[in-house]
2 protein chains.
Amino acid sequence: MAAVDLSTHPGHLARRLQQAHYLLWNTMVSEEITSPQFAVLNTLVAEPGLDQRTVGERVGLDRSTIAEVISRLDRRGLLDKVRDPQDGRRSLLRPTEEGVRTHRRLTVRTARMNQVFLAPLSADERTVFFDLIQRVADAAEGLRHPAEPVAGRR
Amino acid sequence: MAAVDLSTHPGHLARRLQQAHYLLWNTMVSEEITSPQFAVLNTLVAEPGLDQRTVGERVGLDRSTIAEVISRLDRRGLLDKVRDPQDGRRSLLRPTEEGVRTHRRLTVRTARMNQVFLAPLSADERTVFFDLIQRVADAAEGLRHPAEPVAGRR
DNA sequence: GGAAAATACTCAGCGCACTGATTATTTCTG
DNA sequence: CAGAAATAATCAGTGCGCTGAGTATTTTCC
């Protein structure tokens with residue numbers, strides 16, 4: 001008694017959605033490279049030479065998590081990590097040859113997987129699906145980063 | 001070059017959504033009890049005496065994860081765990097007094113948090129949001145559990 | 001130019017999530 | 001009834017994700 005219906009709880013649905021995706025990724029894309037690892041690789045293919053913090057910002061991972069993901073990609077030889085000679089605090093990252101190849105290979109599989117994952121939705125529904133999730137996620141992330149310190153704000 | 005747009009990747013969006021929710025939960029609901037822990041507690045309030053495996057099935061957690069979540073709730077004294085005298089393999093679970101009180105308290109806060117989380121969406125959009133996510137998640141989970149062994153199937 | 005503040009990264013610690021292997025118990029079947 | 005199969009839980013191992021504390025380096029400002 002007094003229990004709630006979890007199917008109206010967005011957090012619970014988000015978790016289930018993410019788990020379902022995780023499993024599908026594992027069977028259809030790769031057992032080695034994870035989805036967050038692919039996201040990092042993807043960012044570095046687009047913008048080689050980014051520093052670690054910026055990559056984390058791009059893919060939505062905090063400083064600690066991005067460090068671990070990168071160290072795994074580094075260990076597998078998929079990216080190069082060098083100290084910025086201009087600024088000794090930064091690590092500059094770029095994909096290796098193999099990193100680029102891996103990214104290309106997984107891009108194809110990922111597209112296939114997305115088709116299967118989104119199969120239950122019509123084309124119109126997919127658009128709405130992306131839009132709604134993105135708006136909710138953006139708004140919640142906005143609550144976290146209280147708004148960039150704009151001139152004349154305190 | 002050749003990089004994809006992650007904002008059209010449902011897995012990436014799902015992860016971001018879940019992370020955003022995690023942060024909001026932490027600030028608005030509880031720093032002690034997590035969302036999965038609340039889900040377990042919620043299930044046990046509704047159906048006290050369930051075994052561990054069934055609870056996991058209800059909330060969508062695999063055998064290993066549910067074991068850890070339950071051991072934490074047990075350690076905090078929020079549930080009782082006893083061996084089923086009828087079937088020595090099973091652990092039967094029920095919330096303690098404090099578990100019920102905690103659940104009641106968090107139910108209120110969770111409702112408030114959901115309001116904030118879903119604030120960017122209109123009432124109609126929320127309905128669609130739930131429906132779309134649920135359909136995608138259900139379908140993907142269905143791929144995993146290849147369909148219950150119905151009579152006359154192989 | 002040197003102390004203080006800011007920035008990038010690392011480290012320890014906790015919790016969720018999965019797989020594969022192992023153990024204990026029950027059920028099924030010859 | 002005994003051996004085999006199924007079931008519930010546990011354990012070891014890997015990876016994502018966060019916070020708080022600590023280190024190194026650069027920038028800011030008196």
Side-chain angles (χ1 to χ4, degrees), chain A residues 11-12 14-27 30-40 50-57 59-76 81-93 140-141 144 149, chain B residues 11-12 14-27 30-40 50-57 59-76 81-93 141 144-145 149:
Chain A
H12 188 246
R15 187 172 59 75
R16 281 187 53 213
L17 186 66
Q18 214 233 321
Q19 282 171 219
H21 173 263
Y22 171 86
L23 293 176
L24 201 56
W25 179 282
N26 234 268
T27 59
S30 171
E31 291 184 352
E32 320 284 310
I33 310 300
T34 64
S35 173
Q37 286 174 26
F38 175 76
V40 167
L50 283 186
D51 67 305
Q52 193 168 308
R53 192 198 117 273
T54 306
V55 174
E57 202 173 275
V59 300
L61 291 177
D62 74 300
R63 64 212 194 298
S64 289
T65 305
I66 193 67
E68 288 180 20
V69 173
I70 284 174
S71 102
R72 281 180 206 110
L73 289 171
D74 191 19
R75 227 181 305 141
R76 288 169 193 273
K81 178 177 174 178
V82 295
R83 220 78 195 180
D84 184 345
Q86 253 68 59
D87 184 340
R89 293 168 300 182
R90 287 189 168 81
S91 286
L92 302 185
L93 309 167
E141 281 170 7
R144 199 55 188 169
Chain B
H12 188 247
R15 186 172 59 76
R16 282 187 51 214
L17 186 67
Q18 214 232 321
Q19 282 171 219
H21 173 264
Y22 171 86
L23 293 176
L24 200 57
W25 179 282
N26 234 268
T27 58
S30 170
E31 292 185 351
E32 319 284 309
I33 309 299
T34 65
S35 174
Q37 286 174 25
F38 175 76
V40 167
L50 283 186
D51 68 302
Q52 193 168 309
R53 193 199 117 274
T54 306
V55 173
E57 203 174 274
V59 298
L61 292 177
D62 74 299
R63 63 213 194 299
S64 289
T65 305
I66 193 67
E68 287 179 20
V69 173
I70 283 175
S71 100
R72 281 180 207 112
L73 288 171
D74 191 19
R75 229 182 303 141
R76 287 169 193 272
K81 178 176 173 177
V82 294
R83 220 75 195 181
D84 185 344
Q86 253 69 58
D87 185 341
R89 291 168 301 182
R90 286 190 168 82
S91 287
L92 302 185
L93 309 167
E141 282 170 8
R144 199 57 188 166
H145 314 291

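So that the names make sense, note that chain A is the first sequence line, chain B the second, and so on, each numbered from 1.
As rounded to whole Å, 14 Å separates atom P of dT14(D) from atom CD of Q37(A). Rounding to whole angstrom units, CG of residue L23(B) and C1' of dG20(D) are separated by 15 Å. Summarising the geometry, the separation between CD on E68(A) and C1' on dC11(C) is reported as 10 Å, rounded to the nearest angstrom. Separating the CG atom of D84(A) from the C1' atom of dA24(D) is a distance of 14 Å, rounded to the nearest angstrom. Atom CZ of R53(A) is separated from atom P of dA8(C) by 5 Å (rounded to the nearest Å). For the pair H21(A) NE2 and dA17(C) P, the computed distance is 16 Å after rounding to whole Å. Residue D62(A) contributes atom CG, which lies 13 Å from atom C1' of dC14(C) at whole-angstrom precision. Distance E57(A) CD to dC18(D) P: 13 Å, rounded to the nearest Å.
Using a cutoff of 4.0 Å between basic side-chain nitrogens and carboxylate oxygens, R90(B) and D51(B) are scored as salt-bridged.
Each of dC18(C), dG17(D), dC9(C) was ranked by its minimum atom distance to the side chain of L61(A); first place goes to dG17(D). Proximity note for R90(B) (side chain, C-beta onward) versus dG17(D), dG15(C), dA8(D): the nearest is dA8(D). The Q19(A) side chain lies nearest to dC18(C) when the options are dA8(D), dC18(C), dG15(D). Nearest nucleotide to the P36(B) side chain, out of dA17(C), dA8(D), dG15(C): dA17(C).
Proximity of R89(B) to the phosphate of dT7(D): no side-chain N or O atom is located under 4.0 Å from OP1 or OP2. At dT26(D), none of the side-chain N or O atoms of Q86(A) fall inside 4.0 Å of OP1 or OP2 (strictly under the cut-off). Distances shorter than 4.0 Å separate none of the side-chain N or O atoms of K81(B) from OP1 or OP2 on dA8(D). Distances shorter than 4.0 Å separate some side-chain N or O of R15(B) from OP1 or OP2 on dG17(D). Dashed line: the shortest gap from a side-chain N or O of Q52(A) to OP1 or OP2 of dA8(C) is not under 4.0 Å.
Between R76(A) and G60(A), the one whose closest nucleotide on DNA chain D sits nearer the 5' end is R76(A). Where V69(A) and L92(B) meet DNA chain D, the nucleotide closest to each residue was compared, and L92(B) sits on the side nearer the 5' end. Taking for each of D87(B) and S35(B) the nucleotide of DNA chain C with the nearest heavy atom, the 5'-most of the two is the partner of S35(B).
Residue contacts for N26(A): at a heavy-atom cut-off of 4.0 Å it reaches no nucleic acid atom on any strand shown.
Not counting sequence neighbours, the partners of R89(B) by the side chain to side chain donor-acceptor pair (under 3.5 Å) test are D87(B). Checked against salt bridge (Lys or Arg N to Asp or Glu O under 4.0 Å), R76(A) has the following partners two or more places apart in sequence or in another chain: E32(A).
The shortest side-chain heavy-atom distance between H21(B) and R15(A) does not fall under the 4.5 Å cut-off. In this structure, L61(A) and E68(A) have side chains that are not in contact, with every pair of non-hydrogen atoms separated by 4.5 Å or more.
Residue side chain R63(B) reaches the base of dG20(C) through a donor-acceptor N/O pair under 3.5 Å, judged by distance alone. One cannot find a donor-acceptor pair under 3.5 Å joining the base of dT10(C) and the side-chain atoms of S64(A).
The CD atom of Q52(A) sits 5.5 Å away from atom OG of S91(A), with the distance rounded to the nearest 0.5 Å.
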